[in-house]
Number of protein chains: 2
Amino acid sequence: MNNEIKSCFICNVTECSIFKKSNLEFLKLIDGKKTCITYNKNQPIIFEGSRLDGVYMINSGIAKVHVKGYKGRPLILRLIKPGDISGHLPDGQNRQPVSVTAVEETGMCFIENKEFDAMLENSVSARQELMDAVKQELKQLEMRAIQLAQMNVREKIASAILHILKSYPNNNNGKAIHINLSRQDIADLAGTTKEQVSKTISDFGKENLIEAKGRSLKLIDYKKMETIADFYKGF
Amino acid sequence: MNNEIKSCFICNVTECSIFKKSNLEFLKLIDGKKTCITYNKNQPIIFEGSRLDGVYMINSGIAKVHVKGYKGRPLILRLIKPGDISGHLPDGQNRQPVSVTAVEETGMCFIENKEFDAMLENSVSARQELMDAVKQELKQLEMRAIQLAQMNVREKIASAILHILKSYPNNNNGKAIHINLSRQDIADLAGTTKEQVSKTISDFGKENLIEAKGRSLKLIDYKKMETIADFYKGF
DNA sequence: CGGGTTATTGAGGGGCGTCAACAACCGTGG
DNA sequence: CCACGGTTGTTGACGCCCCTCAATAACCCG
């Protein structure tokens, strides 16, 4: 967990959710105020229910957004990747509604609420971008609800795999990637059990849709996979 | 669908999501600009995918928020009641992400985007309240995701019934209420089938938790019902 | 190498979706 | 007013999907 500060001006994140239109003065302001933290694999970043006096931006790596669900069972709402924002939606009592945990080694930029709020106060476009990001989250959750309610296990797992692959960079160059997610994690993402995940992934392998062995995953037939998870735009 | 304008100053909605802290000048501004519309039972108000040049506030009645889900099957995300806002979250192409349909006769106040945006522009507290309302929606959707992913049918239907009753005024005075929702609607809310809803409601009747006959519904044992839907805060 | 975690695979059974038949309800028109 | 057809609700039978349990294999890290 090193703390080397990376300047916003050399930030390699091209698709940033809320600083897309920020002008130079703005970046300058933020650049001086933020801190950068690197989290290790499986290291918790935000705890559901805790208070947090600022906002995180993912700079590198991948993290999972999850909640403690019914009877304590975890549910992974989504994976987040560079450019995504986190911790910006505390509830009325200023508590975080979700947990965030690093999946791969993950670099985070942190801005204190004071600075963040001041920024929003002063910029119409920043407010606009924040609202757009939140809308995006709502839309995504809406899709999750549909998936969980109406898909069968096979379809849900196909969707989960596609979501995972989309979260990893270079996912479509035909190379196998190593995902640091257990079968249980995939199950918690798809809304099923780890055994079903094992069996279904094995099925997908036999059908030549993917090549999967343990945590190494390679997509072979993207088209067919999307057909199974017949899920247009989104998640 | 009459269009008589009701003044904000005599508005009977006590728990309004975004005008709670609005001062008098503010109400005065809005009062002149808004229009009021009454929708009949089952009448559509907002179409998913359509464009809408303003924002609705429910003034009276009940409406369902629903989406076209997987393979066209509907999913009801939630019921909304007086004080709730709607249509305020168009996506990037200015399209509505959800449909809204009147369940009971429903009175709506409509404000054009131009006025609404101007209001937000000018008021920190209005922005705050809008953001809070959106956060609330996110939290609620999060709960829905957990329900749909992790509860069994009995639990989901118990949750759905409690949600319905909470949406109706005077739900806890021990009187039967008439809900204009079909078994299919309840199924689309709970994430199951109409037959399961019929059977489970029948079970709940035998267990003396509710008295239900057709669309008349009376809650007998709230405590026990909540235990089944063991679902603390929220939905 | 060894012990603990994780993954795989199969067997078993129950929950729940599907189908079907019947009953109840509701608005319409004769 | 009753007849009637269409929609909605109820109930049971059936069967399959998928959860659970368990045993074995593979993997990972010290």
Side-chain angles (χ1 to χ4, degrees), chain A residues 40-42 64 69-76 103-104 147-161 164 176 178-207 210-218 228, chain B residues 40-42 69-76 103 147-161 164 176 178-207 210-218 228:
Chain A
N40 296 327
K41 282 181 183 184
N42 304 320
K64 58 182 178 187
Y70 191 55
K71 290 176 180 161
R73 274 172 55 195
L75 179 70
I76 298 178
V103 171
E104 310 292 344
Q147 275 182 28
L148 295 167
Q150 302 182 334
M151 284 181 167
N152 65 31
V153 163
R154 184 179 159 88
E155 293 160 348
K156 286 194 284 190
I157 292 174
S159 299
I161 289 175
I164 291 167
H178 180 86
I179 56 168
N180 191 38
L181 290 167
S182 67
R183 294 294 186 257
Q184 184 64 58
D185 282 328
I186 300 176
D188 293 339
L189 180 63
T192 180
T193 61
K194 56 185 188 312
E195 292 91 342
Q196 292 302 324
V197 173
S198 254
K199 289 171 197 177
T200 307
I201 284 183
S202 168
D203 288 346
F204 287 157
K206 286 171 199 155
E207 298 169 37
I210 57 176
E211 268 173 27
K213 196 181 169 215
R215 300 192 179 185
S216 144
L217 183 56
K218 180 169 148 193
I228 294 173
Chain B
N40 295 325
K41 282 182 186 183
N42 304 320
Y70 191 56
K71 291 176 179 163
R73 274 173 55 195
L75 179 70
I76 297 178
V103 170
Q147 273 182 29
L148 295 167
Q150 302 182 334
M151 284 182 166
N152 64 31
V153 163
R154 183 178 159 90
E155 293 160 346
K156 286 193 284 189
I157 292 174
S159 299
I161 289 175
I164 291 168
H178 181 86
I179 56 167
N180 192 38
L181 290 167
S182 66
R183 294 294 185 257
Q184 184 65 59
D185 281 327
I186 300 176
D188 292 339
L189 180 63
T192 180
T193 60
K194 56 186 190 311
E195 292 91 343
Q196 293 302 326
V197 172
S198 253
K199 289 171 196 176
T200 307
I201 283 183
S202 169
D203 289 345
F204 286 157
K206 285 171 198 154
E207 298 169 38
I210 58 175
E211 269 174 25
K213 196 181 170 215
R215 299 192 179 184
S216 145
L217 183 56
K218 179 170 149 191
I228 294 174

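In what follows, chains carry the letters A, B, and so on, assigned in the order in which the sequence lines appear, proteins first and then strands, with residues in each chain numbered from 1. Both backbone and side-chain heavy atoms feed into the values below; hydrogens, waters and symmetry mates do not.
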Is there a donor-acceptor pair closer than 3.5 Å between any side-chain N or O of A:Gln150 and the backbone N or O of B:Pro74? yes
Quick one: does any side-chain atom of A:Asn180 pair with a main-chain N or O of A:Glu104 as donor and acceptor, under 3.5 Å? no
Working note: A:Ile201 + A:Ile161, criterion side-chain contact (heavy atoms from CB on, under 4.5 Å); need CA distance, chi angles, decisive distance, verdict. CA-CA 9 Å; A:Ile201 284 183; A:Ile161 289 175; 4.1 Å; yes
For nucleotides 9-16 of chain D, print each protein N/O atom paired with a nucleotide N/O atom at under 3.5 Å, atom names and distance only.
from, atom 1, to, atom 2, distance (Å)
D:dG9, OP1, B:Arg183, N, 3.4
D:dG9, OP1, B:Arg215, NE, 3.1
D:dG9, OP1, B:Arg215, NH2, 3.3
D:dG9, OP2, B:Arg183, N, 3.1
D:dT10, OP1, B:Arg183, NH2, 3.4
D:dT10, OP2, B:Arg183, NE, 2.7
D:dT10, OP2, B:Arg183, NH2, 3.2
D:dT10, OP2, B:Ser198, OG, 2.8
D:dT11, OP2, B:Ser202, OG, 3.2
D:dA13, N6, B:Lys199, NZ, 3.2

Anything under 4.0 Å to a heavy atom of chain A counts; send over the first and last such nucleotide of DNA chain C, read 5' to 3'. C:dT6 to C:dA11
Rounded to whole Å, the CG-C1' distance (B:Asp185 to D:dT7) equals 14 Å
If you pin B:Gly191 and B:His178 to their nearest nucleotides in DNA chain C, which one's is more 5'? B:Gly191
Not counting sequence neighbours, which residues clear salt bridge (charged side-chain N to carboxylate O under 4.0 Å, His left out) with A:Glu155? List them please. B:Lys71
side-chain hydrogen bond (donor to acceptor under 3.5 Å, both in side chains) contacts in which one or both residues fall within residues 183-203 of chain B, not counting sequence neighbours: B:Lys64-B:Asp185, B:Ser182-B:Asp185, B:Gln184-B:Asp188
Name all residues meeting the side-chain hydrogen bond (donor to acceptor under 3.5 Å, both in side chains) criterion together with B:Glu207; count only those two or more places apart in sequence or in a different chain, and write none if there are none. B:Arg154
Who pairs with A:Ala149 by side-chain contact (heavy atoms from CB on, under 4.5 Å), at least two apart in sequence or on another chain? B:Leu75, B:Leu148
Heavy-atom distance under 4.5 Å between the side chains of A:Leu189 and A:Ile164, does that happen here? yes
Rounded to whole angstrom units, what separation is found between the CG atom of A:Asp203 and the P atom of D:dC18? 11 Å
